[in-house]
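Presented below is the structure to which this report refers.
Every chain is numbered from 1, with letters handed out A, B, ... down the list of sequences.
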There are 2 protein chains.
Amino acid sequence: MEADQLLLEQQLCFPLYAASRQLIRRYRPHLEALDLTYTQYITMLVLWEEQHVSVKTLGQRLYLDSGTLTPLLKQLERKGYLRRFRSREDERVLLVELTEAGRALRERAKPIPALVGSCLPLEPEETAELYRLLYRLLHTDPEQNQT
Amino acid sequence: MEADQLLLEQQLCFPLYAASRQLIRRYRPHLEALDLTYTQYITMLVLWEEQHVSVKTLGQRLYLDSGTLTPLLKQLERKGYLRRFRSREDERVLLVELTEAGRALRERAKPIPALVGSCLPLEPEETAELYRLLYRLLHTDPEQNQT
DNA sequence: CAAAATTTAATTGCTTACAATCGAATTATA
DNA sequence: TATAATTCGATTGTAAGCAATTAAATTTTG
């Protein structure tokens, strides 16, 4: 019986991983117009919600570590969408804040969720259920995340 | 109203992506003992099911392209788990077949799905529902995959 | 207060993803 | 059957992810 569990289709990880990459692929054409990659996009989503965010906070919200975020934030800084600076209160902390260009980008990003969402083959209540299950997976977690 | 859609938590892509990476992280410690990465593991899953698989078929089953698979298969060949050879019928086609070591690895992989699955905070019927929704996402797809 | 422990980002190294392009082999078609 | 189109895998270049390590700043504690 264990044998069956080794079937590709029997492993939850597989459709989760494949569906995730596929959905991200659907964002790509829309994000290209904004000169953003997908990871840069979800980083911007956080920044559009909060004025000042530390790398640590970003990492906690996005489940990403500094090894991923540091080069990504430098890239976004190069593009002119944000500024990076050390906190005066605690020099260990690097804060990130949007530039005017970064805030302006928000308007151009607004249509994207609807554009991507409209081509998903799920009913609203199915989408809601998927959310619920994914957040269950995500939140009930032993070794949370890193920095 | 569009503004709300730009909230990180409102985007399906985000929990999907984060949950996917988190689940893959849970495999890592078990896979390390087999000297496999996660992507190498799902590749082995396919090979444990089929004797000879072409790179194209692998790509279709895993939703990965040759740019990902070529170096990965070379790596698995270096580890001694598989052999790569051109098809005699069609020289464009590269076939992959497990070595004895590759087949033997299957036994050591058997406990992994149960080990990972047991720490998931989902009821069996919830897991089933999650499957169903993920495969809906995955299968109903316009621009399928690449090679 | 000084030393130890902790926190925070940055860096390094390795492995994906994947778009784009290429070259070789095969198939279609004019 | 030549040549045009297609298929297949490999290659290249960019951007993630992430473990492990490091360095600097801060906090704890002896």
Side-chain angles (χ1 to χ4, degrees), chain A residues 13-14 17-29 31-32 35-43 53-60 62-79 84-96 143-147, chain B residues 13-14 17-29 31-32 35-43 53-60 62-79 84-96 143-147:
Chain A
C13 61
F14 174 67
Y17 175 58
S20 166
R21 286 184 296 114
Q22 185 181 76
L23 186 50
I24 288 172
R25 266 199 295 276
R26 298 207 218 213
Y27 276 85
R28 199 179 308 272
L31 294 177
E32 265 169 13
D35 192 22
L36 291 178
T37 63
Y38 173 76
T39 315
Q40 289 165 7
Y41 169 67
I42 60 174
T43 301
V53 196
S54 69
V55 171
K56 178 186 168 67
T57 305
L58 262 178
Q60 287 170 337
L62 298 174
Y63 300 86
L64 292 171
D65 78 355
S66 66
T68 302
L69 286 173
T70 296
L72 185 146
L73 293 171
K74 285 180 176 175
Q75 182 70 35
L76 286 173
E77 187 174 44
R78 242 174 280 133
K79 292 181 186 186
R84 299 172 343 114
F85 56 96
R86 294 279 164 181
S87 160
R88 305 279 314 264
E89 294 82 50
D90 184 340
E91 292 281 343
R92 290 170 305 180
V93 173
L94 189 126
L95 293 173
V96 175
E143 60 284 323
Q144 266 295 8
N145 120 291
Q146 56 286 108
T147 286
Chain B
C13 61
F14 173 67
Y17 176 57
S20 166
R21 285 185 295 115
Q22 186 181 76
L23 186 50
I24 288 172
R25 266 199 297 274
R26 297 208 219 213
Y27 276 85
R28 200 180 307 273
L31 294 178
E32 265 169 13
D35 192 22
L36 291 178
T37 64
Y38 172 76
T39 315
Q40 289 165 7
Y41 168 68
I42 61 173
T43 301
V53 195
S54 68
V55 171
K56 179 187 168 67
T57 305
L58 262 178
Q60 287 170 336
L62 299 174
Y63 300 85
L64 291 171
D65 77 356
S66 67
T68 302
L69 286 173
T70 295
L72 185 145
L73 293 171
K74 285 180 177 173
Q75 182 71 33
L76 286 173
E77 188 175 44
R78 242 174 282 134
K79 292 180 185 185
R84 300 172 341 116
F85 56 96
R86 293 278 165 182
S87 160
R88 307 276 318 261
E89 294 83 50
D90 185 339
E91 292 280 341
R92 292 170 305 180
V93 173
L94 190 126
L95 292 173
V96 176
E143 60 284 322
Q144 265 295 9
N145 123 290
Q146 56 285 108
T147 287

[X] has an atom [atom1]; how far is it from atom [atom2] of [N], in whole Å?
X	N	atom1	atom2	result
A/Gln60	C/dT7	CD	C1'	12 Å
B/Leu58	D/dA10	CG	P	11 Å
B/Arg25	C/dT16	CZ	C1'	15 Å
B/Lys56	D/dC8	NZ	P	4 Å
B/Arg28	D/dA19	CZ	C1'	8 Å
B/Arg86	C/dA24	CZ	P	12 Å
B/Arg84	D/dC8	CZ	P	17 Å
A/Arg21	C/dT16	CZ	P	12 Å

So do the side chains of [X] and [Y] get within less than 4.5 Å of each other, counting heavy atoms only?
X	Y	result
B/Leu64	B/Thr39	yes
B/Thr68	B/Leu62	no
B/Tyr41	A/Phe14	no

Looking only at the side chain of [X] (C-beta and beyond, no hydrogens), which of the listed nucleotides [options] gets closest?
X	options	value
B/Arg92	C/dT16, D/dT7, C/dT8	D/dT7
A/Leu94	C/dA24, D/dA16, C/dA10	C/dA10
B/Asp90	C/dA9, C/dT26, D/dT26	C/dT26
A/Val55	C/dT6, C/dA9, C/dA25	C/dA9
A/Gln40	D/dA16, D/dA25, C/dT26	D/dA16
A/Gln75	D/dA15, C/dA10, D/dC8	D/dA15

Exercise for review: Could you list the residues that satisfy salt bridge (Lys or Arg N to Asp or Glu O under 4.0 Å) with A/Lys79, not counting sequence neighbours?
Suggested key: A/Asp35
Practice item. For A/Ile24 and for A/Leu69, find the nucleotide of DNA chain C with the closest heavy atom, then tell me which residue's nucleotide is more 5'. Key: A/Leu69
Check your understanding: If you look at every strand shown and take non-hydrogen atoms under 4.0 Å, does A/Thr39 touch a base, only sugar-phosphate, or nothing?
Key -> sugar-phosphate
Exercise for review: Have a look at B/Glu32 and say if it touches a base, only the backbone sugar-phosphate, or nothing, with a 4.0 Å heavy-atom cut-off.
Suggested key: nothing
Exercise for review: Name the residue closer to the 5' end of DNA chain D, choosing between A/Thr37 and A/Ser87 according to the nucleotide with the nearest heavy atom.
Suggested key: A/Thr37
Review point. Have A/Gln75 and A/Arg78 got a donor and an acceptor in their side chains that come within less than 3.5 Å?
Key: yes
**Study point:** B/Ser66 vs D/dG9: side-chain N/O to OP1/OP2 distance below 4.0 Å
**Key:** no
Check your understanding: Taking only side-chain nitrogens and oxygens of A/Lys74, does any of them come within less than 4.0 Å of OP1 or OP2 of C/dT11?
Key -> yes
